[in-house]
Each structure stands twice: as C-alpha cells, then as structure tokens.
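Taking it in order: structure first as structure tokens, then the write-up.
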Amino acid sequence: MFNIILFGPPGSGKGTQSEKLIAAYGLKHLSTGDLLRTEIANKTPLGIEAKTIMDKGQLVPDEVVVGMISSALENNPQAKGFLFDGFPRTTAQSEALDKLLQLKNTEIGVVLAMDVSEEELVKRLLNRGLTSGRSDDTNETVIRARIKEYQDKTTVVANYYSQFNKVVHLKGEGTVEEIFSSLCSEIDKRMSN
Ligand code: AP5
C-alpha cells in the first residue's frame with residue numbers, strides 16, 4: 001500500500017492534481033473538503049454546523065474530520081493506497097492519521113507540498129468562484145482568511161512530516177501538466193524504494 005498526502009494552501013491545485021494522480025496510480029481519493037460539502041448538500045446536522053465554519057474560512061474541529069477519515073479508511077478495505085487531499089491540516093490531525101494507518105499496518109509514503117504565491121492563490125480562487133458555486137470562493141476576505149488559517153495552523157503539518165523525512169516541496173505554478181509530471185516523478189522515486 002502506498003499513501004500520499006497532497007499538501008498546499010487553498011487554491012494550490014490539490015483537487016486538480018488529485019484527479020489525475022488517482023487515475024494514474026489507482027489510489028482512493030480522500031478529500032475532507034469534498035466529504036464536508038457532501039454533508040452540506042445532504043443538509044445533515046454535521047453539514048449544517050460545518051457550513052457556518054467553512055463560510056468564515058476557518059477549520060472544522062479536528063474530531064469531526066478525523067471521524068470522517070476513520071470511517072472512509074474502514075469503508076475501503078480493498079484500496080491499494082490513499083491520496084489525502086486537504087487532510088491533515090493540524091498536527092493533531094497528522095498524529096491521528098498516523099495512528100489510523102498504523103492500525104492498517106501502513107504509513108504515509110510521501111507528502112507532496114505545492115508552493116504557490118498568495119496573489120496567484122487569490123486570483124485562482126476568485127476566478128473559480130465565478131462558476132463553482134462554492135460560497136467560500138466568492139469573497140476575497142474569506143479567501144484571505146482561509147490562507148491565513150493555513151499559515152497559522154496548517155504549515156506545521158509539513159514540519160511534522162519533515163522530521164520523518166517525508167516532505168518534498170514542488171513548484172505549484174506552471175501548467176497543470178508540468179506540475180503533474182513533477183508530482184509523478186517524485187512519487188515514482190519513492191515508490192521504487
Ligand atoms: P478544501 O475543500 O480542502 O479547500 P481548500 O484547501 O481551501 O482548497 P481548494 O479546493 O480551494 O483548492 P485546491 O488546492 O484543491 O485547488 P484546486 O485544484 O481546486 O476545504 C474547504 C474548507 O473545508 C476549509 O476552509 C475548512 O473549513 C474545511 N476543511 C476541509 N478539510 C479540513 C480539515 N482537514 N480540517 C479542518 N477543516 C477542513 O484549484 C483551485 C483553482 O485553481 C481551480 O479553479 C483550478 O482550475 C485552478 N488551477 C489548478 N491548478 C492550476 C494551475 N496550475 N494554473 C492555474 N490554475 C490552476
């Protein structure tokens with residue numbers, strides 16, 4: 001089993017590259033953002049609570065997202081590996097994920113961190129907000145709050161995995177194909193070890 005964390009700020013291209021990577025490597029895609037938006041669409045109590053938080057650009061409580069990931073891991077016993085997108089976002093989430101993977105006798109193979117400038121992130125998200133229907137994309141103040149939340153609470157996740165020598169930083173600007181190709185070459189290097 002080979003597990004990947006696709007890491008980066010809001011708008012860095014995690015969702016875009018995840019689609020291509022799961023097709024190329026046959027991994028199961030687990031996006032906490034997508035799982036939360038499904039709860040919102042289904043108007044569940046969890047979704048209603050999460051929407052208020054997401055609309056402010058803040059992080060949903062750790063126990064909520066860890067619970068969702070735990071169920072998703074249990075529900076996919078046949079997966080040959082997982083691609084985590086938008087998770088983990090705090091040190092507590094990273095530690096919880098490591099424990100969950102240990103129970104399955106597996107671990108994170110690599111953390112691929114895509115670096116993109118703040119102005120490019122804002123431009124991409126405002127542009128997507130014109131058509132996506134995502135309420136957290138339509139307002140620049142909320143977009144900048146999401147980026148700040150990332151800087152304050154999520155960049156530490158890369159430090160956490162650096163201590164295990166698992167983090168690779170890549171340029172997240174350029175064409176989608178160029179970035180995909182550099183992600184694949186890093187995955188191939190680690191997979192063959
Ligand atoms: P989430 O859904 O994870 O959103 P995000 O991290 O804010 O990321 P995005 O989906 O906005 O961006 P992305 O990096 O996937 O980029 P994409 O490929 O879409 O989280 C949303 C909210 O849910 C959070 O704010 C939080 O409240 C909550 N949440 C989720 N997970 C949580 C967790 N673990 N803990 C706590 N709370 C959690 O690309 C963006 C745009 O750029 C697209 O239009 C795309 O077409 C374009 N684009 C992509 N690549 C390129 C390129 N190379 N050049 C130009 N444009 C590009």
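Both ligands and their constituent atoms are indexed starting at 1 by order of listing. Hydrogens, waters and symmetry mates are skipped; everything else that's a heavy atom, side chains included, is used. Numbers for residues simply follow the sequence, beginning at 1. This one's a predicted model, so the numbers in the text were calculated from it and none came from an experiment.
- Considering only heavy atoms from C-beta on, Leu112 comes within 4.5 Å of Ile4 through its side chain.
- Closer than 4.0 angstrom to ligand 1 lie heavy atoms from Pro9, Pro10, Gly11, Ser12, Gly13, Lys14, Gly15, Thr16, Thr32, Gly33, Leu36, Arg37, Met54, Gln58, Leu59, Val60, Val65, Gly86, Phe87, Arg89, Gln93, Arg124, Leu125, Arg128, Arg134, Asp136, Arg146, Gly174, Val176, Ile179.
- More than 12 heavy atoms of other residues, nucleotides or ligands lie within 6.0 Å of CD in Glu149, so this atom counts as buried by the packing criterion.
- Contact check for Arg190 versus Phe2: side-chain heavy atoms found under the 4.5 Å cut-off.
- Under the 6.0 Å distance and 45° angle rule, Lys166 does not count as a cation-pi partner of Tyr161.
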Could you list the donor-acceptor pairs under 3.5 angstrom formed between side-chain atoms of residues 65-75 and any protein atom two or more places apart in sequence or on another chain?
| from | atom 1 | to | atom 2 | distance (Å) |
| --- | --- | --- | --- | --- |
| Ser71 | OG | Gly67 | O | 3.0 |
| Asn75 | ND2 | Ser71 | O | 3.2 |

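- At a threshold of 4.5 Å between non-hydrogen side-chain atoms, the residues Ile147 and Leu121 count as touching.
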